[in-house]
Amino acid sequence: MDPLDIVGNLHRIKPVFQPIVSAINHDVIGYEVLARYKENQTWESLGPFFHDTDVPEEFKVEVDQVVLTQAVQMMMDNRKEGLLFINRNAKQLMVNNGDDLLQSLLQFKDQGFDLSRIVIEVTEHDFDEDFETLNHLLLYFKTYGIQIAVDHVGAKSSNIDRIRLLEPHILKIDTGIIRRQDGDAFQDIMYSLSMLAHRIGAALLFENIEDDFQLYFAWKHGSRFYQGYYLALPSFDPVGKGALSVDIKERMSGFVQREKRLLENRQQYVKHWEAKVRQLLARWEGPKKSDAFIDGVTEKFHNESFRMFICHMDGQQVSSNFRKKEDEWFVETDKKGSNWAFRPYFLENVMKMRESHAGLLSDLYSDIETKEMVRTFSFPLTDQHFLFIDLRYAYLYDHECLLA
């Protein structure tokens, strides 16, 4: 499509609405507005037009203006509630310092359209432009109640500081990243993004969801909103939840039941391991004989573990490391005297065990030495000394509830 033909035939342009679904009430809470152009009796996406760097930004702003005006008018005519997500790149926003867009939005406000329903989407790539100017402009939009979403979050980890400074309302994550990243790398990305969202009070929105697994993945990683062809295709009408391709409430219920089963199974393993250690407590004769005690523990956890040791509650390791190599246990005496109190959650966890007199299973984490994903089962031998049993990845892999 020739850009001049598009700009010269604005009457051929119409907005389409892709529903965005809430994890809270399982209903459609808004729509992303996209553009279609009628050519030879076929409605074509204007995505290539907007992504073409050779097309002047003024052309894109003019087309976007037509689409936005039509979309808002349709929402008001149909008395449709919900958010309206509109895409604007940095260059478009900074045309005339964003005044054209703001004046249009203020006109909508005068007509009774609440500006808090507008969500301006900028991509993380836009932060490579003049960020100071862009940030100032977006903060100004926020003073009118307009919401800000950052799209394609995670594409560049170097922008986390800029996202924190902007404090957007929504972080949009492309589920395509699941297919492009290896498991460990993506878990790191998701952990960072989840922490960032928590710190700045932003909601997560997973977009481009194409199947049930990606929907489950989004749900499991705390996504508040969902969007994608699996849920609904873009439509010329802003549809309700009755037009969705899947029953979100039913899917969410299934996810909850699946997660409960995994947690129950995981807890059974923890109880089983607790029972095995309790059977050995009579052999505990104090920290000076901790190696002799662990020697007995290795027999009970030969299949599950690859490393174990005992620490004082202040973090000091009072035993050697017992490490399994090629199915045999070896004693690493040089590890005795190490202090692990600096590790995140160490003191918090030993205090929990001291109070509950029960074992704890850690989250999945990457072991510094082996670089494999592992978990640690820990157990209070006394109020002062705690046993740590590192579970090998191969064992976790064979038991879904331990890897989930």
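Just so you know, these numbers use all the heavy atoms, side chains as well, and skip hydrogens, waters and symmetry mates.
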Using a 4.5 Å cut-off on heavy atoms from C-beta on, say whether the side chain of [Y] contacts that of [X].
| X | Y | result |
| --- | --- | --- |
| Glu332 | Ser320 | no |
| Val95 | Lys91 | no |
| Leu387 | Leu381 | yes |
| Arg36 | Leu34 | yes |
| Leu139 | His136 | no |
| Val297 | Leu280 | yes |
| Phe85 | Ile120 | no |

Are there more than 12 heavy atoms of other residues, nucleotides or ligands under 6.0 Å from atom [atom1] of [X]?
| X | atom1 | value |
| --- | --- | --- |
| His198 | NE2 | no |
| Phe330 | CZ | yes |
| Tyr397 | OH | no |
| His11 | NE2 | yes |
| Arg283 | CZ | no |
| Asn97 | CG | no |
| Arg392 | CZ | yes |

Please confirm whether the backbone N or O of [Y] pairs with a side-chain atom of [X], one donor and one acceptor, at under 3.5 Å?
| X | Y | result |
| --- | --- | --- |
| Ser290 | Pro287 | yes |
| Ser253 | Lys249 | no |
| Asp211 | Phe213 | yes |
| Arg162 | Asn135 | no |
| Ser305 | His302 | no |
| His169 | Ile148 | yes |
| Asn265 | Arg261 | yes |

[X] versus [Y], closest heavy-atom pair with distance:
| X | Y | answer |
| --- | --- | --- |
| Leu360 | Asn349 | CD1-O, 3.6 Å |
| Lys14 | Gln70 | CA-OE1, 3.7 Å |
| Pro168 | Ala202 | O-CB, 3.4 Å |
| Trp219 | Val256 | CZ2-CG2, 3.7 Å |
| Val7 | Leu10 | O-CG, 3.3 Å |

side-chain hydrogen bond (donor to acceptor under 3.5 Å, both in side chains) evaluation trace for Asp5 with Asn9: CA-CA 6 Å; Asp5 289 340; Asn9 294 278; 5.0 Å; no
side-chain hydrogen bond (donor to acceptor under 3.5 Å, both in side chains) evaluation trace for Thr42 with Asn40: CA-CA 5 Å; Thr42 302; Asn40 298 325; over 6 Å; no
Can you measure from [atom1] ([X]) to [atom2] ([Y]) and round to the nearest 0.5 angstrom?
| X | Y | atom1 | atom2 | result |
| --- | --- | --- | --- | --- |
| Asp151 | Asp174 | CG | CG | 7.5 Å |
| Asp52 | Leu46 | CG | CG | 12.0 Å |
| Glu355 | Asp383 | CD | CG | 8.5 Å |

Can you list, pair by pair, the side-chain donor-acceptor contacts under 3.5 Å of residues 75-83, counting residues two or more places apart and other chains?
unit_1: Asp77; atom_1: OD1; unit_2: Gln73; atom_2: NE2; d: 3.0
unit_1: Asn78; atom_1: ND2; unit_2: Met74; atom_2: O; d: 3.1
unit_1: Lys80; atom_1: NZ; unit_2: Pro238; atom_2: O; d: 3.1

Below 3.5 Å, can you tabulate the donor-acceptor pairs from side chains in residues 225-232 to any protein atom, sequence neighbours excluded?
unit_1: Tyr226; atom_1: OH; unit_2: Ser223; atom_2: O; d: 3.3
unit_1: Gln227; atom_1: OE1; unit_2: Lys172; atom_2: NZ; d: 3.1
unit_1: Gln227; atom_1: NE2; unit_2: Gln18; atom_2: OE1; d: 3.1
unit_1: Gln227; atom_1: NE2; unit_2: Glu32; atom_2: OE1; d: 2.5
unit_1: Tyr230; atom_1: OH; unit_2: Asp212; atom_2: OD1; d: 3.2
unit_1: Tyr230; atom_1: OH; unit_2: Arg251; atom_2: NE; d: 3.2
unit_1: Tyr230; atom_1: OH; unit_2: Arg251; atom_2: NH2; d: 3.2

I'd like to know if [X] pairs up with [Y] as an ion pair, taking the criterion as any Lys NZ or Arg NE/NH1/NH2 lying under 4.0 Å from an Asp or Glu carboxylate oxygen.
| X | Y | result |
| --- | --- | --- |
| Glu348 | Arg343 | no |
| Asp367 | Arg307 | yes |
| Lys220 | Glu259 | yes |
| Asp114 | Lys109 | no |

Intermediate values then yes/no, salt bridge (charged side-chain N to carboxylate O under 4.0 Å, His left out), Lys324 and Glu304: CA-CA 11 Å; Lys324 186 170 64 176; Glu304 297 97 327; over 6 Å; no
Parallel, tilted or perpendicular: ring planes of Tyr395 versus Trp273, cut at 30 and 60 degrees: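 Plane angle between 30° and 60°, so tilted.
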Parallel, tilted or perpendicular, as decided by the 30° and 60° cut-offs, for the rings of Phe206 and His221: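 Taking Phe206 first and then His221, their aromatic rings sit tilted (interplane angle of 30° to 60°).
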Tell me, please, which residues at least two apart from [X] pass side chain to side chain donor-acceptor pair (under 3.5 Å).
| X | result |
| --- | --- |
| Thr376 | Tyr365, Asp390 |
| Glu400 | Arg258 |
| Trp284 | none |

Stepwise side-chain hydrogen bond (donor to acceptor under 3.5 Å, both in side chains) check, Thr175 with Gln214: CA-CA 7 Å; Thr175 54; Gln214 291 178 355; 3.3 Å; yes
Derivation of the side-chain hydrogen bond (donor to acceptor under 3.5 Å, both in side chains) call for Asp64 and Gln92: CA-CA 9 Å; Asp64 263 332; Gln92 289 174 259; 2.5 Å; yes
Residues forming a salt bridge (Lys or Arg N to Asp or Glu O under 4.0 Å) with Glu44, sequence neighbours excluded: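 Checked Glu44 against salt bridge (Lys or Arg N to Asp or Glu O under 4.0 Å); zero matches.
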Ring centroid separation for [X] and [Y], is it under 6.0 angstrom?
| X | Y | value |
| --- | --- | --- |
| Phe322 | Trp329 | no |
| Trp340 | Phe388 | no |
| Phe255 | Phe217 | no |

From CA spacing to verdict: salt bridge (charged side-chain N to carboxylate O under 4.0 Å, His left out), Lys241, Asp247: CA-CA 8 Å; Lys241 71 175 180 180; Asp247 186 328; over 6 Å; no
Lys335 to Phe309, cation-pi by 6.0 Å centre distance and 45° axis angle: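 Verdict for Phe309: no cation-pi partner in Lys335.
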cation_pi(Lys60, Phe49) dist<6.0 Å, angle<=45: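 Judged by the rule, Lys60 and Phe49 form no cation-pi pair.
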